[in-house]
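Just so it is clear: chains get the letters A, B, ... in the order the sequence lines come, proteins before strands, and each one is counted from 1. Side chains are part of it too, since the values below use all heavy atoms of this structure and drop only hydrogens, waters and symmetry mates.
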There are 2 protein chains.
Amino acid sequence: MRRPAEETRRHILDVAGDLFYSRGVRAVGMDLVIGTAGVANATLYRQFANKDELVTAYLVSRNEHWWQRLRETAAAAPSPRARIKALFDLTRQDMASPGYRGCATLNITSEFPDADHPAHAAAVAHKNEVQTWLSEQLREAGDANPDDTAGKLLIILDGAQVLAAAMATDTPGDHMIQLAEQLLDTRLPAPL
Amino acid sequence: MRRPAEETRRHILDVAGDLFYSRGVRAVGMDLVIGTAGVANATLYRQFANKDELVTAYLVSRNEHWWQRLRETAAAAPSPRARIKALFDLTRQDMASPGYRGCATLNITSEFPDADHPAHAAAVAHKNEVQTWLSEQLREAGDANPDDTAGKLLIILDGAQVLAAAMATDTPGDHMIQLAEQLLDTRLPAPL
DNA sequence: GACAAGAGAGAACGATCCGTCTCATCCTCG
DNA sequence: CGAGGATGAGACGGATCGTTCTCTCTTGTC
């Protein structure tokens with residue numbers, strides 16, 4: 001069984017990810033992950049040394065997947081502004097899907113406030129990457145102060161996500177789109 | 001000791017609140033609350049039947065205190081728009097204070113995703129009250145669609161809080177103020 | 001066909017956690 | 001002064017948690 005090693009790791013990560021995301025990390029015990037994955041105790045601990053390591057791997061994997069989705073949809077966008085819109089559309093789509101529980105990255109920072117925790121560090125790193133990506137798109141689109149606008153877009157993005165999750169509504173999705181459009185209209189030069 | 005009963009309850013609630021807020025509810029055990037409060041085990045459980053009850057009382061108490069602060073500062077405001085601005089100024093002030101961990105209400109919804117949990121219900125109720133308050137101020141200020149604007153203001157407010165806590169920066173505070181001002185400028189009729 | 005490696009099943013450990021209980025003490029009120 | 005009630009200190013139980021360990025069985029490789 002040479003191959004299944006990687007497969008098993010992926011399977012455990014998927015199962016743990018679903019549980020962590022839907023119920024919260026601290027509310028999910030390792031026994032539950034093991035039982036739900038239908039895997040042996042030793043098998044999990046051969047792939048992940050700690051729960052902390054499993055949690056960090058969950059967040060990293062989820063963020064990688066998110067980047068992949070964004071790049072796919074952004075690739076078809078003709079302009080940097082369209083790429084930014086693709087990000088917001090993608091987020092609104094997530095918010096409307098059943099079982100939406102908000103941004104996994106933000107939930108991690110809420111559950112693990114200690115900045116030294118590896119999962120917390122991974123979360124902060126991801127948010128920084130997103131902000132950098134936004135800033136690059138904005139600069140390319142002609143924004144005179146891209147860092148500033150990127151910070152504001154991130155506020156709109158995360159605020160809508162956290163509210164949608166808390167209130168179990170998707171109206172923040174529409175508000176988010178409108179706010180972002182309005183902000184971009186005032187910051188970006190008119191096209192053509 | 002007839003009087004101390006209420007005093008003790010308040011003391012326990014304050015101590016537990018500080019711990020819950022700074023470290024997260026699930027990360028704080030009852031033993032730690034008991035030890036930090038310098039109180040006997042039975043004393044705590046005579047005031048609060050469960051941990052759930054203590055957590056809910058913590059959130060309710062904190063929100064009551066927040067409303068009190070808002071009403072105090074808003075009382076001096078001459079217009080509904082000034083009252084809204086008072087809310088944002090108050091939030092920015094909180095964000096700049098040391099040990100800021102974001103909005104306690106949002107943290108609760110993140111730690112207790114189950115909508116049936118009493119603390120989660122209290123959190124949702126509070127967010128609804130704030131949105132209603134905002135909507136009332138906006139209607140009074142002449143907003144044609146106060147509910148819509150209130151939802152957007154809440155996104156800005158909560159987004160900035162969650163980002164400030166996660167990234168341990170207070171720049172979201174400035175962004176938040178600017179976003180709110182800009183939104184109000186486009187929604188409210190010009191004064192005088 | 002033999003062997004090493006990984007998988008499953010599960011026991012077991014120490015720690016922690018929430019909550020109940022006992023008991024001696026101290027304060028307050030009658 | 002005496003009685004009642006709340007308090008502090010702490011033992012205790014059952015549950016769960018994260019983690020380590022053993023033991024057997026399967027499976028792919030040589």
Side-chain angles (χ1 to χ4, degrees), chain A residues 1-59 107-108 111-114 116-120 122, chain B residues 1-59 108 111-114 116-120:
Chain A
M1 281 189 176
R2 272 292 168 286
R3 284 305 99 194
E6 271 302 307
E7 253 178 62
T8 303
R9 184 187 161 91
R10 168 55 50 186
H11 172 62
I12 293 172
L13 207 50
D14 287 344
V15 169
D18 288 345
L19 290 171
F20 287 160
Y21 179 73
S22 62
R23 306 193 194 183
V25 173
R26 298 197 104 112
V28 172
M30 294 297 265
D31 290 354
L32 181 61
V33 174
I34 289 163
T36 308
V39 96
N41 193 318
T43 303
L44 186 151
Y45 278 100
R46 202 175 297 115
Q47 299 294 334
F48 306 95
N50 298 331
K51 182 177 184 180
D52 282 353
E53 198 173 300
L54 177 61
V55 172
T56 308
Y58 143 68
L59 187 63
N107 288 339
I108 287 288
E111 275 199 285
F112 300 94
D114 184 4
D116 295 336
H117 195 287
H120 184 104
Chain B
M1 282 188 174
R2 271 292 169 288
R3 286 305 95 198
E6 271 303 306
E7 254 178 60
T8 302
R9 183 188 161 93
R10 167 57 49 187
H11 172 63
I12 293 172
L13 206 51
D14 288 344
V15 168
D18 288 345
L19 291 171
F20 287 159
Y21 179 71
S22 61
R23 306 193 193 183
V25 173
R26 299 197 104 112
V28 172
M30 295 297 266
D31 291 353
L32 181 61
V33 174
I34 289 164
T36 307
V39 96
N41 193 318
T43 304
L44 186 151
Y45 279 100
R46 200 174 300 113
Q47 298 295 334
F48 305 95
N50 298 333
K51 183 177 185 181
D52 283 352
E53 197 173 303
L54 177 61
V55 173
T56 308
Y58 143 68
L59 187 63
I108 287 289
E111 276 199 285
F112 300 94
D114 184 2
D116 294 337
H117 195 287
H120 184 105

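- Side-chain contact between I34(A) and I12(A) is absent, with no heavy-atom pair separated by less than 4.5 Å.
- In terms of the ring pair (Phe, Tyr, Trp, His ring centres under 6.0 Å) criterion, H120(B) has no residue partners (sequence neighbours excluded).
- For the pair Q47(B) CD and dG19(C) C1', the computed distance is 16 Å after rounding to whole Å.
- Rounded to an integer number of Å, the gap from F48(A) CZ to dT20(D) C1' is 18 Å.
- Between R9(A) atom CZ and dA7(C) atom C1' the separation is 17 Å, expressed in whole Å.
- For the side chain to side chain contact (heavy atoms under 4.5 Å, CB included) with F20(A), the qualifying choice from L59(A), I108(A), V25(A) is V25(A), the only one to do so.
- The salt bridge (charged side-chain N to carboxylate O under 4.0 Å, His left out) contacts involving residues 35-59 of chain A comprise nothing, where partners must be two or more places apart or lie in separate chains.
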Fill in the blank from the handout: Under a 4.0 Å heavy-atom criterion, the protein footprint on nucleotides 8-19 of chain D, written with B, S and -, is BBBB------SB
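- Open room surrounds CZ on R23(A); 12 or fewer heavy atoms of other groups in view lie less than 6.0 Å from it.
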